[in-house]
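Just follow the structure's listing: the first ligand is 1, and inside any ligand the first atom is 1.
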Amino acid sequence: MNLAGKNVLIYGIANSHSIAYGIAKELQNQGCNIGLSYASQALIKRVLPIAEEVGAKFCLECDVSKDYEIRELYSQIAKQWDKIDIIVHSIAYAPKDELNLDFHNTSRHGFIVAMDISVYSLIAVVREAMPYLSPDASILTLTYYGSQKVAPNYGVMGVAKAALESAVRYLAYSLGEHGIRINALSAGPIRTLSSSAVSGLSQLQKRIEKTAPLARNITLEDIAKSAVYLVSDLSSGVTGETLYVDAGINIMAY
Ligand code: 0WD
C-alpha cells in the first residue's frame, strides 16, 4: 500500500468527534495530501483548527444539497490539485424531529431532505468529480446497520442508508469501466454531533459492550484504519461493498 502523495478530498468535517476527522488524521499519517470541505459558516470555528492539525491544503465550504456549490468546489480544487485520488463522503442529515417519531408519521419534507443530503449528495459529488478523478480513484461513504434492520429512533435515516448502500452498488457498476472503485463502511455507533440526535445511543453502546463478539464499542481509530484499507490499493479488487466495522455486532441474532 502506498498512499503517500495521494490527494484526498474529505466531505463532512463538523468537529473533532466527526468520523471524517478520524479518517483525515489517519490518511495524513499515511502521507496523503488532505483537502477538507465543510457544510456551512456555522462550523468554521471548529473546522479551521482541524484543517491546521491535519495540514489541509485547503478547507472550503460546500453545501452538498446545491449542485452549483459542488461544481464551484471542484473548480477551486482544480487550481491547487491536478487530480483527486480519493473522496471520502461522510455526510448525513435528517431533521431531528423526524428521527424520534413513529415511522408512519415521517413527513414528506423530512423524507426528501434525508434522501437528498444523505443519499443523492453521493451521486452528485461523484458525478461532478469525474473530470478530476485519477484513473484508479477510490471513493468511500459511511453507512449504518439501521439500513438492514430496524434501529429504534433511526427512522428515515435507516431508509436513507439502505438507499445509500444500493447507490454504492449502482455507482460501483457505472464507475467500474473507468477503473474507479466505491465502497461503504458501516460503522458501529459512536458519539458525534449527528448521532447525538438519535435517542438511546448510550443504552445501545452499553448493550454492544455486553453482546458484540469483541465486547466493546468501536473507536474512531477502528473506523479510520478500515477506511485506509478501502481507499488504498489493499482493496484493489473490492467495489460496491459494505464493510462492517462494528465489533461484530451485525452478525448477532440477539
Ligand atoms: O454512530 C455514528 N456516529 C455513525 C455515523 C455510525 C454509522 C455511520 N455514521 C455516518 C453518518 O450517518 C454520516 O454519514 O457517518 C457519517 C458521518 O457522521 P458523524 O461523523 O457521526 O457526524 P458529524 O460529525 O455530525 O458529521 C456529519 C456531517 C454534518 O455535521 P452536522 O452535525 O453539522 O449536520 O455531515 C455534514 C455536516 O458537516 N453535512 C453536510 N455537508 C455538506 N452539505 C450537509 C450538507 N448539506 N449536511 C450535513
Side-chain angles (χ1 to χ4, degrees), residues 9-25 36-47 50-51 59-70 72-73 87-96 98-99 112-122 124-125 128 139-149 151 153-165 167-168 183-205 208 217-220 222-224 226-227 230 242-247 249-250:
L9 169 60
I10 299 182
Y11 286 93
I13 292 262
N15 58 36
S16 57
H17 300 287
S18 295
I19 290 174
Y21 167 73
I23 295 175
K25 274 188 67 166
L36 300 181
S37 161
Y38 60 95
S40 69
Q41 275 300 314
L43 298 171
I44 191 101
K45 268 196 193 149
R46 293 201 198 98
V47 169
I50 292 173
C59 183
L60 297 168
E61 186 178 333
C62 175
D63 176 351
V64 295
S65 65
K66 301 188 173 99
D67 283 337
Y68 65 88
E69 290 204 16
I70 299 173
E72 177 59 22
L73 174 71
I87 295 179
V88 177
H89 172 276
S90 186
I91 288 174
Y93 177 77
K96 189 167 188 258
E98 300 288 337
L99 297 175
I112 290 170
V113 169
M115 295 297 273
D116 185 22
I117 297 178
S118 313
V119 187
Y120 186 75
S121 69
L122 178 66
V125 303
E128 299 302 331
I139 299 159
L140 179 67
T141 190
L142 274 297
T143 186
Y144 179 60
Y145 189 50
S147 60
Q148 306 297 312
K149 301 284 179 187
N153 305 319
Y154 202 55
V156 69
M157 276 309 302
V159 177
K161 291 301 192 190
L164 180 73
E165 290 166 22
V168 165
N183 290 288
L185 188 161
S186 185
I190 187 163
R191 190 161 287 285
T192 63
L193 204 57
S194 294
S195 67
S196 58
V198 181
S199 308
L201 185 78
S202 305
Q203 292 94 306
L204 177 59
Q205 288 188 310
I208 287 171
N217 282 281
I218 54 146
T219 61
L220 268 186
D222 291 321
I223 299 172
S226 291
L230 285 174
T242 298
L243 176 69
Y244 288 90
V245 182
D246 65 351
I249 191 68
N250 77 90

Q: Using the test side-chain contact (heavy atoms from CB on, under 4.5 Å), find all partners of Ser194 that sit at least two apart in sequence or belong to another chain.
A: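 Applying side-chain contact (heavy atoms from CB on, under 4.5 Å) to Ser194 gives Thr192.
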Q: With a 4.5 Å limit on heavy-atom distance, are the side chains of Ile190 and Asn217 in contact?
A: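 They are not in side-chain contact.
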Q: If the condition is salt bridge (charged side-chain N to carboxylate O under 4.0 Å, His left out), which residues does Glu128 pass it with, not counting sequence neighbours?
A: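 Arg71.
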Q: Go through the structure and list residues passing salt bridge (charged side-chain N to carboxylate O under 4.0 Å, His left out) with Lys66, not counting sequence neighbours.
A: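 Salt bridge (charged side-chain N to carboxylate O under 4.0 Å, His left out) check on Lys66 returns Asp63.
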Q: With under 30° as parallel and over 60° as perpendicular, where do the rings of Tyr154 and Tyr144 fit, or are they tilted in between?
A: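 Correct class here is perpendicular.
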Q: Within the protein, flag every N or O under 3.5 Å from an N or O of ligand 1, and note the pair and distance.
A:
unit_1: ligand 1; atom_1: 1 (O); unit_2: Ile190; atom_2: N; d: 2.8
unit_1: ligand 1; atom_1: 1 (O); unit_2: Ile190; atom_2: O; d: 3.1
unit_1: ligand 1; atom_1: 3 (N); unit_2: Ile190; atom_2: O; d: 3.0
unit_1: ligand 1; atom_1: 3 (N); unit_2: Thr192; atom_2: OG1; d: 3.3
unit_1: ligand 1; atom_1: 12 (O); unit_2: Lys161; atom_2: NZ; d: 2.9
unit_1: ligand 1; atom_1: 14 (O); unit_2: Ile91; atom_2: O; d: 3.2
unit_1: ligand 1; atom_1: 14 (O); unit_2: Lys161; atom_2: NZ; d: 2.9
unit_1: ligand 1; atom_1: 20 (O); unit_2: Ile19; atom_2: N; d: 2.8
unit_1: ligand 1; atom_1: 21 (O); unit_2: Thr192; atom_2: OG1; d: 2.5
unit_1: ligand 1; atom_1: 22 (O); unit_2: Thr192; atom_2: OG1; d: 3.3
unit_1: ligand 1; atom_1: 22 (O); unit_2: Ser194; atom_2: OG; d: 3.0
unit_1: ligand 1; atom_1: 24 (O); unit_2: Ser18; atom_2: OG; d: 2.6
unit_1: ligand 1; atom_1: 25 (O); unit_2: Ser194; atom_2: N; d: 3.1
unit_1: ligand 1; atom_1: 25 (O); unit_2: Ser194; atom_2: OG; d: 2.6
unit_1: ligand 1; atom_1: 43 (N); unit_2: Val64; atom_2: N; d: 2.9
unit_1: ligand 1; atom_1: 46 (N); unit_2: Asp63; atom_2: OD1; d: 2.8

Q: State, yes or no, whether a side-chain contact exists between Asp246 and Tyr145 at a heavy-atom distance under 4.5 Å.
A: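 A side-chain contact under 4.5 Å is absent here.
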